[in-house]
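The block underneath contains the structure these notes are about, expressed in structure tokens.
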Number of protein chains: 2
Amino acid sequence: MPLQTLPDDLDISHIRSSCATCSLRELCLPVGLNEEEIQILGNLASHKRKIPRGGYLHHAGSNFQSLFAIRSGFFKTCILEQDGRQQVTGFHMTGELLGLDAISGEMHTCDAVALEDSEVCEIPFAKLEEISRTIPSLMHHFHKIMSREIVRDHGVMLLLGSMKAEERLATFLLNLSRRLVMRGYSEYNFNLRMTREEIGSYLGLKLETVSRAFSKLQDENIITIDNKQVQINDIGRLKMKMGNSACLR
Amino acid sequence: MPLQTLPDDLDISHIRSSCATCSLRELCLPVGLNEEEIQILGNLASHKRKIPRGGYLHHAGSNFQSLFAIRSGFFKTCILEQDGRQQVTGFHMTGELLGLDAISGEMHTCDAVALEDSEVCEIPFAKLEEISRTIPSLMHHFHKIMSREIVRDHGVMLLLGSMKAEERLATFLLNLSRRLVMRGYSEYNFNLRMTREEIGSYLGLKLETVSRAFSKLQDENIITIDNKQVQINDIGRLKMKMGNSACLR
DNA sequence: TGCCTTGATTGATCTGAGTCAAAGCTATTA
DNA sequence: TAATAGCTTTGACTCAGATCAATCAAGGCA
């Protein structure tokens, strides 16, 4: 998909700067946005918000108005079933985008809850659309980012159906690891922000099964786990555990 | 998300007409494309292709060049694992769009195989992008269609993880039914184009379990199933079988 | 027509994960 | 610092679904 170039006479002086380029740079560069486009996007994200641990960024059913770039912190997205139990649909870390769940409609389809004190940049979607009228490539790129994130999750979930508990957990850990290293964090040593129950909900397992699977991986010296602190000792064997599920990239 | 309007002086005389509006109309109207835009899209789909039963529309790893609107027929998409077994990732019927798997990259991530003699309209993506330069709303709408289809699948798959066999099958049947009725087919009476094994692969079940679940639903008089022919006798109770999984719309 | 392949059904057995329960650990708050 | 509520781990038991296996039905072809 070839890139469109920006018009030379582009006037962006009317856009107020405030949040600088946020964490959007890492997000946008691989997709092919140039510096100027990132700058515009960053400037768009004019509104900064702090969300305390346990706080909600958006609710299921609420009007879709903004996308959110996570500056710092960690979120889960979840839906509330009729019976009151909640199903975790995803985890979202610093540098990633939130609000995509509403992209095909007018409402958010899930809640977004902070799992630690977090900070986000709000990107008003109306403004994004307005500017896209001048710079069509912007929306194009944005859609590309979005479908990439959606497809990434989709790919993982698809395969869970036929996986055993240990394979699911290995897949989950490697997915986290890969995303962390992309953001400049350690690949082998990280902190789980979510509980065993939340992991279980996401993976379609019970919390006890998650715990047992962690213990088993530790017994085999593949990982070391101390409460929420994970260390991957043998990433090769961890990848083996994933099974022959291709296409997790 | 408000619509953009088409420029009044739009010149589309250079676009050759051939495939008329295909089956795209039903696809596009709900998303908000106007008649003129649909016309353009339809004209874009210049190349018509017949795919015989068992034939491939695209392969995993092949270059992404076109989207395909299914004029008639039925497809499965699947990925080949390292061990040679295949994982079905989706089913696609008349009036739906194929090729979305490649939307975030340059390559197709799965194979698309016809489950019966089929006919598709090819929509060259390069042309789509070219025209989008004149009519930015077009690409916007298209992305919206795409994310809607992806999100729809995603939502279903997410919940499979925690479902029992019978719930999965009920969900599957109701999903098929809903899509068929949208295309003007019977809601309660349809033909499965795929085998028990393919259903199982898609749902994360073994073919025997699929067969048993069908039998059980028949014993309870909820459906009648004769080989590939399905009749839904009691859609209310079938929906009950889905369990309390919200958000399947 | 009968052979052969492919897909569907059904039964018997086994195993992985859910369920229930108890006890240990951590973090938060008074 | 103690009290308490929320996580985590581990064990014992149960059951849904995988596995193995046999049989049956339908369609293609010599």
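Since this is a predicted model, take the numbers as computed values, not measurements. Protein chains get the first letters and strands the later ones, always in sequence-line order, with residue 1 at the start of each.
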Of all heavy-atom pairs between A:Glu198 and A:Leu115, which one has the smallest distance, and what is that distance?
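In this case the closest contact between A:Glu198 and A:Leu115 is OE2-CD2, 3.8 Å.
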Could you report the tightest heavy-atom contact between A:Ser201 and A:Val88, atom names first, then the distance?
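So the minimum-distance heavy-atom pair works out to OG-N, 2.8 Å.
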B:Lys216 near the nucleic acid: base, sugar-phosphate alone, or nothing, with a heavy-atom cut-off under 4.0 Å?
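No contact.
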Looking only at the aromatic ring of each residue, does the gap between the centers of A:Tyr185 and A:Phe190 stay below 6.0 angstrom?
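No, the ring centres sit 6.0 Å or more apart.
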Rounding to a whole Å, what distance do you find between [X]:[atom1] and [N]:[atom2]?
X: B:Gln229; N: C:dT9; atom1: CD; atom2: P; value: 13 Å
X: A:Arg193; N: C:dA27; atom1: CZ; atom2: P; value: 14 Å
X: A:Glu167; N: C:dG16; atom1: CD; atom2: P; value: 12 Å
X: A:Leu192; N: D:dC7; atom1: CG; atom2: C1'; value: 13 Å
X: B:Lys241; N: D:dA16; atom1: NZ; atom2: C1'; value: 14 Å
X: A:Asn227; N: C:dG24; atom1: CG; atom2: C1'; value: 12 Å
X: A:Met163; N: C:dA17; atom1: CE; atom2: P; value: 12 Å
X: B:Asn191; N: C:dG7; atom1: CG; atom2: C1'; value: 14 Å

Identify which one of B:Arg49, B:Lys48, B:Lys50 satisfies the side chain to side chain donor-acceptor pair (under 3.5 Å) criterion when paired with B:Glu119.
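Among B:Arg49, B:Lys48, B:Lys50, the one meeting side chain to side chain donor-acceptor pair (under 3.5 Å) with B:Glu119 is B:Lys50.
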N/O donor-acceptor pair, side chain B:Arg196 with base C:dT10, under 3.5 angstrom:
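Result: no qualifying N/O pair found.
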By a strict heavy-atom criterion of less than 4.0 Å, which residues belonging to residues 204-211 of chain B are in contact with DNA chain D?
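Per residue number, the list reads B:Gly204, B:Leu205, B:Lys206, B:Glu208, B:Thr209.
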Using five base pairs at each end, measure the axis-to-axis angle across the helix from C:dT1-D:dA30 to C:dA30-D:dT1 and round it to 10 degrees.
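The angle, to the nearest 10 degrees, is 40°.
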Closest listed nucleotide, where the reference is the side chain of B:Lys228 and the choices are C:dA8, D:dT8, D:dT9
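The answer is C:dA8, which lies nearest to the side chain.
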Which nucleotide in the set D:dC7, D:dG11, C:dG7 lies at the smallest distance from any side-chain heavy atom of A:Arg212?
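From the listed options, D:dG11 comes nearest.
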Between [Y] and [X], is the closest basic N to carboxylate O distance under 4.0 Å?
X: B:Arg179; Y: B:Glu96; answer: yes
X: B:Glu116; Y: B:Arg53; answer: no
X: A:Lys241; Y: A:Glu220; answer: yes

Could you tell me how the ring of B:Phe68 sits relative to the ring of B:His58: parallel (under 30°), tilted (30 to 60°) or perpendicular (over 60°)?
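The arrangement is parallel - the two ring planes meet at less than 30°.
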Between A:Lys164 and A:Glu197, which has a closest nucleotide on DNA chain D that is more 5'?
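It is A:Glu197 whose nearest nucleotide is closer to the 5' end.
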Are any of the side-chain heavy atoms of A:Ile222 and A:Asn233 separated by less than 4.5 Å?
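Counting from C-beta outward, A:Ile222 and A:Asn233 never come under 4.5 Å.
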